[in-house]
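Encoded as structure tokens, the structure appears first; notes follow it.
Start at 1 and go down the list; that is how both ligands and their atoms are numbered.
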Amino acid sequence: MSSTTLIRKLESTIENISDFPIPGIEFKDITPIFLDPKLYEEVIADLADFSRGKVDAVCGIESRGYLFGIAVAVALEVPFILIRKKGKLPPPFISEKYDLEYGTAEIEMREGQLKPGQRVLVHDDLLATGGTTEAAAKLVEKQGAKVTQFSFLIALKDLSGEKKLSKFQAEIHKILEY
Ligand code: AMP
């Protein structure tokens, strides 16, 4: 559980933008967090405390999963592996397709950067439908590593993302829930 003080500070810092990028979506803008270095440090400390001693590597999802994921990996002194959108990584890489509301998307990870048997944290800024995070976890498991934790700054509970992740039997941490 994150501290009430941190939850309150984040609630008043994250901006809610209605009807962006399309009508009906309330966009959670996390960029004001970076205007407050102390708050950023507190977020990293919270995320690192959840994972300390429990993971051997952190995988972050492009692109907002890098903003906190790398700092968490450094705090834990474990490797950080980038999960990128299709077409950005040089070979060798592995890919995973997943469904979007309209059409499909694909994410990729360099092959060999995760080691079989490693305990892995998959991190992103926000959990919505869980489609992206589920595909990321499949990439981890294709490498013979085990997803033992997921962490997010924000989870949107109406979209049932957590249900999609339950098959991995991993711990899930979110600082804020809407
Ligand atoms: P999903 O695959 O549906 O769980 O979508 C998660 C990804 O989409 C995350 O990387 C978020 O950065 C982004 N995202 C989805 N919904 C929102 C939202 N309401 N506000 C900000 N980012 C969002």
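Between Tyr66 and Phe80, the ring planes lie perpendicular to each other; the angle is over 60°, past the 30° to 60° tilted range.
Counting protein heavy atoms under 4.0 angstrom from atom 2 (O) of ligand 1 gives one or more.
When the heavy-atom distances from atom 17 (C) of ligand 1 to Asp124, Ile61, Leu126, Asn16 are ranked, the shortest goes to Leu126. Looking at Leu156, Leu165, Asp125 and measuring to atom 11 (C) of ligand 1, the nearest heavy atom belongs to Asp125.
Of all atoms in ligand 1, listed by their number and element, those nearer than 4.0 Å to a heavy atom of Glu26 are 18 (C), 19 (N).
Summarising the local packing, NZ of Lys38 is surrounded by 12 or fewer heavy atoms from other residues, nucleotides or ligands at distances under 6.0 Å.
Considering backbone and side-chain N/O of Thr129, one or more are found under 3.5 Å from N/O of ligand 1.
Contact between Thr133 and ligand 1 is absent, with no heavy atom of the residue lying under 4.0 Å from the ligand.
Looking only at side-chain heavy atoms (C-beta outward), Thr148 and Leu121 stay at 4.5 Å or farther from each other. Looking at Lys54 and Glu171, their side chains come closer than 4.5 Å, going by heavy atoms from C-beta outward. When side chains are defined from C-beta on, Ile14 does not count as touching Pro32, because their heavy atoms never get closer than 4.5 Å.
Residue, atom and distance of the protein heavy atom nearest to atom 20 (N) of ligand 1 are Lys28 N, 3.0 Å. Protein heavy atom closest to atom 4 (O) of ligand 1, with residue, atom name and distance, is Gly130 N, 2.8 Å. Regarding atom 22 (N) of ligand 1, its nearest protein heavy-atom neighbour is Arg64 NH1, 3.3 Å.
Ring centroids of Phe50 and Phe150 are separated by 6.0 Å or more, keeping the two rings apart.
Cation-pi geometry between Lys28 and Tyr178 is met: the NZ or CZ atom falls under 6.0 Å from the ring centre, inside 45° of the normal.
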